[in-house]
Amino acid sequence: MGLDNTIVFFNEQLEETKSESEKKALNRFVVVLKDLNKKDLSVDEIKSIEQQIANLGIQAKVNNKGSYVNRRLAEFERYLQQQFKFRPVNYHRSFGIILGLSFGIALGFSIGSLFEGLFALIVSLIFTTIIGGSIGHLLGTKKDLAYAKDNRLYENK
């Protein structure tokens, strides 16, 4: 099943389904496939992606189609990340913010414990968390821009 055929299949499923969770899952898959369709991929890359889609077993009849499609989408996104180094939009920014906040909190406790009083601890936690989150945001955005420049980001929302 090719990319275009898969998009048509999912659009047909979207029209037939009444479940809101299933609609969200199918819509996310359609967005990813449409974004991949826009990329300048080689014939071998397209064949590899089509083979992976065929291996996912998307057309299987299951009871809870929404969670089934979500699991298949997660599996497909892992495949894209491993094979082609594709990442969702804002992937690195989100990861950078989380990492920056974690280091900021740890640094805040370290600095705050040097001073006496709860107020010093709170103030140091606030400032280091803000600084850590900001640095993580900047570094993540820089990495996302590098991926965008190489056309390795895809929309997934």
Side-chain angles (χ1 to χ4, degrees), residues 1-108 125-126 128-157:
M1 175 182 290
L3 292 179
D4 293 327
N5 293 338
T6 307
I7 292 170
V8 169
F9 171 75
F10 280 137
N11 283 329
E12 290 171 355
Q13 295 295 313
L14 273 168
E15 292 173 5
E16 293 174 8
T17 187
K18 291 175 179 49
S19 167
E20 199 61 37
S21 66
E22 188 177 339
K23 284 182 182 180
K24 283 182 182 179
L26 290 169
N27 199 32
R28 282 186 58 217
F29 220 124
V30 168
V31 168
V32 170
L33 292 174
K34 282 183 178 179
D35 201 46
L36 285 176
N37 233 0
K38 294 177 190 174
K39 295 198 178 300
D40 188 27
L41 300 172
S42 71
V43 174
D44 291 336
E45 290 172 332
I46 292 172
K47 285 183 181 181
S48 175
I49 290 172
E50 289 173 351
Q51 181 63 41
Q52 180 63 23
I53 290 170
N55 292 341
L56 290 175
I58 294 168
Q59 293 182 337
K61 300 290 183 198
V62 293
N63 291 337
N64 190 352
K65 188 99 173 172
S67 64
Y68 180 78
V69 173
N70 269 331
R71 287 193 306 270
R72 297 293 80 84
L73 177 61
E75 187 178 329
F76 185 62
E77 286 180 332
R78 274 193 305 274
Y79 166 78
L80 292 175
Q81 290 178 9
Q82 292 169 352
Q83 289 296 117
F84 301 106
K85 305 295 185 229
F86 286 157
R87 298 287 189 264
V89 173
N90 296 331
Y91 173 84
H92 295 99
R93 183 182 344 181
S94 301
F95 187 72
I97 290 172
I98 292 169
L99 203 57
L101 290 174
S102 301
F103 283 122
I105 290 171
L107 186 63
L125 273 175
I126 291 171
T128 55
T129 303
I130 291 171
I131 291 169
S134 299
I135 291 172
H137 180 272
L138 291 173
L139 293 176
T141 301
K142 183 178 177 183
K143 186 78 168 180
D144 278 337
L145 290 174
Y147 268 68
K149 184 178 177 185
D150 293 339
N151 198 21
R152 292 188 290 160
L153 290 180
Y154 64 89
E155 190 65 44
N156 71 337
K157 299 282 182 206

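The structure presented is a predicted model; accordingly, all values stated were derived computationally and were not measured.
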Roughly how far, to the nearest 0.5 Å, is [atom2] of [Y] from [atom1] of [X]?
{"X": "Glu16", "Y": "Leu26", "atom1": "CD", "atom2": "CG", "value": "10.0 Å"}
{"X": "Ile98", "Y": "His137", "atom1": "CD1", "atom2": "NE2", "value": "12.5 Å"}
{"X": "Ile135", "Y": "Phe103", "atom1": "CD1", "atom2": "CZ", "value": "11.5 Å"}
{"X": "Thr6", "Y": "Leu33", "atom1": "OG1", "atom2": "CG", "value": "6.0 Å"}
{"X": "Leu138", "Y": "Arg93", "atom1": "CG", "atom2": "CZ", "value": "10.0 Å"}
{"X": "Ile97", "Y": "Leu139", "atom1": "CD1", "atom2": "CG", "value": "11.0 Å"}

Exercise. When you look at NZ of Lys34, are more than 12 heavy atoms from neighbouring residues, nucleotides or ligands closer to it than 6.0 Å?
Worked result: no
Exercise. Considering residues, nucleotides and ligands other than Tyr147, do more than 12 of their heavy atoms fall under 6.0 Å from its OH?
Worked result: yes
Exercise. Which heavy-atom pair separates Asp144 from Asn90 by the least distance, and what is that distance?
Worked result: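 Heavy-atom minimum between the residues: OD2-CA, 3.1 Å.
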Indicate yes or no for a side-chain donor-acceptor contact from [X] to the backbone of [Y] under 3.5 Å, with no hydrogens or angles considered.
{"X": "Lys39", "Y": "Leu153", "value": "yes"}
{"X": "Ser48", "Y": "Asp44", "value": "no"}
{"X": "Asn11", "Y": "Ile7", "value": "yes"}
{"X": "Asn70", "Y": "Ala25", "value": "no"}

Exercise. Hey, mind stepping through Glu50 and Ile46 against side-chain contact (heavy atoms from CB on, under 4.5 Å) and telling me if it holds?
Worked result: CA-CA 6 Å; Glu50 289 173 351; Ile46 292 172; 3.5 Å; yes
Regarding [X] and [Y], is there a side-chain donor-to-acceptor distance under 3.5 Å anywhere?
{"X": "Asp4", "Y": "Asn37", "answer": "yes"}
{"X": "Ser19", "Y": "Thr17", "answer": "no"}
{"X": "Asn55", "Y": "Gln51", "answer": "yes"}

Problem set entry | Leu36 and Leu80: CA distance, side-chain angles, deciding distance, side-chain contact (heavy atoms from CB on, under 4.5 Å) verdict | CA-CA 10 Å; Leu36 285 176; Leu80 292 175; 3.8 Å; yes
Decide yes or no for [X] and [Y]: does some side-chain heavy atom of the first lie under 4.5 Å from some side-chain heavy atom of the second?
{"X": "Tyr154", "Y": "Val89", "answer": "no"}
{"X": "Pro88", "Y": "Glu155", "answer": "no"}
{"X": "Phe29", "Y": "Leu56", "answer": "yes"}
{"X": "Lys23", "Y": "Lys18", "answer": "no"}

Exercise. Hey, what's the ring geometry for Phe84 with Tyr79, parallel, tilted or perpendicular (30° and 60° as the breaks)?
Worked result: perpendicular
Problem set entry | Arg152 NZ/CZ over Phe86 ring centroid, <6.0 Å and within 45° of normal | no
For this session: Using the six-membered ring of Tyr68, assess whether NZ or CZ of Arg72 lies under 6.0 Å from its centre and within 45 degrees of the ring axis.
Result: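 Satisfied, under 6.0 Å and within 45°.
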Problem set entry | Glu77 and Val32: CA distance, side-chain angles, deciding distance, side-chain contact (heavy atoms from CB on, under 4.5 Å) verdict | CA-CA 9 Å; Glu77 286 180 332; Val32 170; 4.1 Å; yes
For this session: Test side-chain contact (heavy atoms from CB on, under 4.5 Å) on Glu12 and Val8 and set out the steps.
Result: CA-CA 6 Å; Glu12 290 171 355; Val8 169; 3.6 Å; yes
